[in-house]
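A note on names: the letters A, B, ... follow the listed sequences, proteins ahead of strands, and every chain is numbered from 1. Because the structure is predicted, anything quoted here is derived from the model rather than measured.
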Protein chains: 2
Amino acid sequence: MDDALRAVADPTRRAIMELVRDGECCAGDIATRFPAMSRPAVSQHLKVLADAGLVDVRRDGNRRLYALRPEGLADAAGFIERMWSTQLRRLKEAVENE
Amino acid sequence: MDDALRAVADPTRRAIMELVRDGECCAGDIATRFPAMSRPAVSQHLKVLADAGLVDVRRDGNRRLYALRPEGLADAAGFIERMWSTQLRRLKEAVENE
DNA sequence: AGGCTGTGTAAGCAATGTCTTACACAGACT
DNA sequence: AGTCTGTGTAAGACATTGCTTACACAGCCT
């Protein structure tokens, strides 16, 4: 979970995830979506995401295709839900005490 | 969202959130739960959490009581759900193509 | 008033993270 | 074989983070 949450804490990486969310995308295409940043910078972000299990990588000849791997967020989602459920429980209690 | 996700990326801060999850807790009590760390370090983490809107602070005489504020995670939860839904949609499509 | 108790803040330092440029290397094309 | 295209990796500069110790200050108690 630690790797995933640390990876997701960066806005560029979140943007990349949104990009590859709807299907595979190759490194170069992803990089051109961030004109303000050099290509190696994007490549490093992709590595962080891959190491955290948030994206899958597949080689296709010359290129590398990246795709979202939502399961990587499972633990993070679990944490948030655990926090969230507190609110729901409190809400429930508040309603019951009405 | 950025502040919340950055705050949540730290394991100590997540532990603090779990601690104050079930009710208010004062700064000192929280700090004693982290014997490996100095009290000011914990105080700084609490500030980060408060600034990110993940905890509420309330003064009670001398002490400061912290409590979880789950709404602070709303945007983060939204992001995760947006990623997550991709998987669900794909799963659905896979089932339909069976 | 004076001295605890509880907490936040300031300054400084070591570790980490995020870029950039330069380079390496595999796969496609001629 | 030679070269181009696509992409990762290495090294280093710079900013940010997470700690520590020392200090500041408000609120209670006598």
If I take atom [atom1] in residue [X] and atom [atom2] in nucleotide [N], what distance separates them, rounded to the nearest angstrom?
X     : N      : atom1 : atom2 : answer
A:R58 : D:dG8  : CZ    : C1'   : 18 Å
B:D51 : C:dG8  : CG    : P     : 12 Å
B:L65 : C:dG8  : CG    : C1'   : 15 Å
A:Q44 : C:dC23 : CD    : C1'   : 14 Å
B:D2  : D:dT17 : CG    : P     : 10 Å
A:L49 : C:dT18 : CG    : C1'   : 14 Å
B:I16 : C:dT7  : CD1   : C1'   : 14 Å

Any idea which of [options] is nearest the [X] side chain?
X     : options               : answer
B:P40 : D:dA22, C:dT7, C:dT20 : D:dA22
B:N62 : C:dC19, C:dT5, D:dT20 : C:dT5
A:A27 : D:dT7, C:dG27, C:dT20 : D:dT7

So, is [X] close to the [N] phosphate, meaning a side-chain N or O under 4.0 Å from OP1 or OP2?
X     : N      : result
A:H45 : C:dC19 : yes
B:S38 : D:dT20 : yes
B:Y66 : C:dG6  : no
B:R59 : D:dA26 : no
B:R6  : D:dT17 : yes
B:S43 : C:dG8  : yes
A:R13 : C:dT18 : yes

* Atom pair NE2 (B:H45) and CE (B:M17), whose distance is rounded to the nearest 0.5 Å ->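 The NE2 atom of B:H45 sits 13.5 Å away from the CE atom of B:M17.
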* Give me the one residue out of B:I30, B:L49, B:L19 that meets side chain to side chain contact (heavy atoms under 4.5 Å, CB included) with B:Y66. =>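 By the side chain to side chain contact (heavy atoms under 4.5 Å, CB included) criterion, B:Y66 pairs with just one of B:I30, B:L49, B:L19: B:I30.
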* **Lys/Arg-Asp/Glu bridge criterion (N-O < 4.0 Å) met for B:D29, B:R63** =>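 Here B:D29 does not pair with B:R63 in a salt bridge, since their nearest N and O are not under 4.0 Å apart.
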* Verify same cluster id: A:L65, B:M83 (apolar side-chain graph, 4.5 Å) ->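 No, no single cluster joins them.
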